[in-house]
Protein chains: 2
Amino acid sequence: MATKIDETAARARAPLTRERILRAAVAMADEGGIEALSMRRLAQELDVVPMALYRHVANKEDLLDGIVDLVVGEVDPPETGTDWKAAIRRRVLSAREMLLRHPWAVRAIESRTDPTPALIGYFDEMIGVFRSGGFSMDLTHHAMHAMGSRLLGFSQELFEDTPAPDAAVDAEMYRVIAERYPNIGELIETVMHDDASVVGGRGCDDRFEFEFALDLMLDGLERLRDRA
Amino acid sequence: MATKIDETAARARAPLTRERILRAAVAMADEGGIEALSMRRLAQELDVVPMALYRHVANKEDLLDGIVDLVVGEVDPPETGTDWKAAIRRRVLSAREMLLRHPWAVRAIESRTDPTPALIGYFDEMIGVFRSGGFSMDLTHHAMHAMGSRLLGFSQELFEDTPAPDAAVDAEMYRVIAERYPNIGELIETVMHDDASVVGGRGCDDRFEFEFALDLMLDGLERLRDRA
DNA sequence: ACCTGAACACCGTTCAAGT
DNA sequence: ACCTGAACACCGTTCAAGT
């Protein structure tokens with residue numbers, strides 16, 4: 001009887017739309033990572049036969065394009081009426097928050113071969129802010145590239161989610177690391193020490209580090225603009 | 001008879017080793033992208049039954065760890081005896097060249113949940129260069145984070161491989177883009193114009209843009225070091 | 001003890017057979 | 001015309017049966 005009601009509810013559910021599919025896909029990726037998102041599991045989640053998805057989505061690539069656009073759309077539009085620096089700063093931090101909400105998004109975006117509409121719009125608006133901040137088109141161009149590049153090549157969030165299940169195991173691990181990688185050992189020691197005051201403080205203050213990099217870049221760009 | 005010789009040659013081939021498997025995997029990813037790399041295709045390429053790979057590799061994750069370490073190992077070690085700025089600069093450019101040789105590497109590295117040994121070593125050496133350049137441990141820490149972050153959130157190589165098969169199609173596409181995205185339109189126009197002298201010049205000089213960002217960051221870091 | 005074929009539990013997508 | 005079950009060509013990996 002409960003089953004009967006459930007079935008009725010399922011059948012009465014809103015009809016399948018692209019929107020509904022994309023939202024379910026985002027939820028699925030949020031929950032289990034991008035590799036947990038499959039057409040078949042998605043169909044199951046929506047109480048629908050796998051092939052039904054293909055009426056609203058050309059294929060899986062199209063689905064990925066769709067969810068990328070959905071989450072990029074979550075980034076706040078740039079504020080108008082503030083100076084360029086504050087506007088860029090706010091927007092970049094808003095983008096960062098979106099990426100924290102959807103940890104799979106970076107890789108999903110990087111896997112797109114063609115830029116999606118929302119992505120293009122995002123860049124367009126960003127360029128606009130630089131321009132109205134008095135940047136030449138040339139400098140704006142360089143600025144956009146600079147803001148997008150990862151200078152170490154690899155993301156360095158490598159040590160962020162090292163779990164600390166046991167202080168003793170942790171200490172032993174630290175000893176091993178420090179022996180083989182003296183510079184990292186010293187760095188960890190410094191960060192740990194500075195961090196002693198913070199409650200449960202281990203590792204880095206990611207938000208602080210991100211803003212450090214952001215301000216370094218923005219200050220550098222400002223200097224270049226004023227020099228010209 | 002040719003078949004007979006081929007079979008003999010195949011059987012006489014070097015025995016399966018982890019090294020040989022990893023090298024073949026890198027070659028396969030180089031050729032067809034990371035999604036073309038499968039255990040089964042790899043085994044086929046090595047004239048071996050799929051299960052034979054599992055003697056040298058725990059599973060596919062282990063294989064990916066392995067090829068990440070292999071390509072990270074291709075990055076030149078930091079020079080000693082030069083100043084910190086030149087050493088960092090050279091090494092980052094060396095890393096960039098590796099990433100251009102292996103376009104799949106960025107995503108592969110980002111998909112690793114735990115840092116691999118070569119990755120840890122890379123960071124350790126980089127930290128060492130900053131330290132011997134007179135950077136405090138604190139500033140070194142921030143510098144490492146700054147060099148690793150992507151401030152636009154998304155990589156911006158989005159427009160780089162727009163093909164130019166037909167000038168007329170290109171012009172039409174440009175008109176459409178410029179109408180909808182005025183700032184990108186203006187940027188493209190500027191870049192195209194500046195680029196007129198370059199032979200076949202379309203799009204950005206990626207190397208220049210990368211060095212622009214790198215120098216912006218390094219100059220900013222130097223200023224911070226000297227201030228302290 | 002080592003090796004490996006078959007099998008399992010998945011994929012994305014095609015296509016022909018149903019309504 | 002629309003929908004969908006079965007099928008196809010793949011995956012990574014387990015496991016039991018072979019040597």
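Convention: sequence-line order gives letters A, B, ...; per-chain numbering from 1.
To the nearest angstrom, P of C:dC11 lies 14 Å from CG of A:Leu64. Remark: C1' of D:dC11 and CG of B:Leu53 are 14 Å apart, rounded to the nearest angstrom. Note: CD (B:Glu35) to P (D:dC10) measures 16 Å, nearest angstrom. Rounded to whole Å, atom P of D:dT4 lies 13 Å from atom CG of A:Asp47. One atom, CG of B:Leu42, and another, C1' of D:dT13, lie 15 Å apart when rounded to the nearest Å. When rounded to the nearest whole Å, the span between CD of B:Glu61 and P of D:dC11 equals 17 Å. As rounded to whole Å, 10 Å separates atom C1' of D:dT14 from atom OH of B:Tyr54. Going from atom CD of B:Gln44 over to atom C1' of D:dG12 covers 16 Å, rounded to whole Å.
Nearest to the side chain of B:Arg41, among D:dT4, D:dC11, C:dT13, sits D:dC11. Set against D:dT4, C:dT13, D:dT13, the side chain of B:Asn59 has D:dT13 as its closest nucleotide. Out of C:dT4, D:dA7, D:dT13, the shortest distance to the side chain of A:Arg40 is found at D:dA7. Proximity note for B:Met51 (side chain, C-beta onward) versus D:dC15, C:dC11, C:dC15: the nearest is D:dC15.
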- Start with the C-alpha gap between B:Leu152 and A:Met144, add the side-chain angles, then the distance that decides, and say whether side chain to side chain contact (heavy atoms under 4.5 Å, CB included) holds. CA-CA 8 Å; B:Leu152 273 182; A:Met144 290 296 292; 3.8 Å; yes
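Residue A:Arg96 holds its CZ atom at 10.0 Å from OG of B:Ser149, rounded to the nearest 0.5 Å.
A:Met39 comes within 4.0 angstrom of sugar-phosphate atoms only, judged by non-hydrogen atoms across all strands, and of no base.
For D:dA16, the paired base is C:dT4 (Watson-Crick or G-U wobble, both distances below 3.5 Å). The base-pairing partner of C:dA9, taking Watson-Crick or G-U wobble contacts with both distances under 3.5 Å, does not exist among the strands shown.
In this model, no donor atom of one side chain and acceptor atom of the other lie less than 3.5 Å apart for A:Thr116 and A:Asp65. With hydrogens and angles left out, the side-chain atoms of B:Tyr174 and B:Glu189 include a donor and acceptor closer than 3.5 Å. With 3.5 Å as the limit, one finds a donor-acceptor pair spanning the side chains of B:Glu74 and B:His102.
The shortest distance between the side-chain N/O atoms of A:Arg55 and the OP1/OP2 oxygens of D:dC3 is below 4.0 Å.
Using atom P as the reference point in both D:dC8 and C:dG18, the two lie 16 Å apart (nearest Å).
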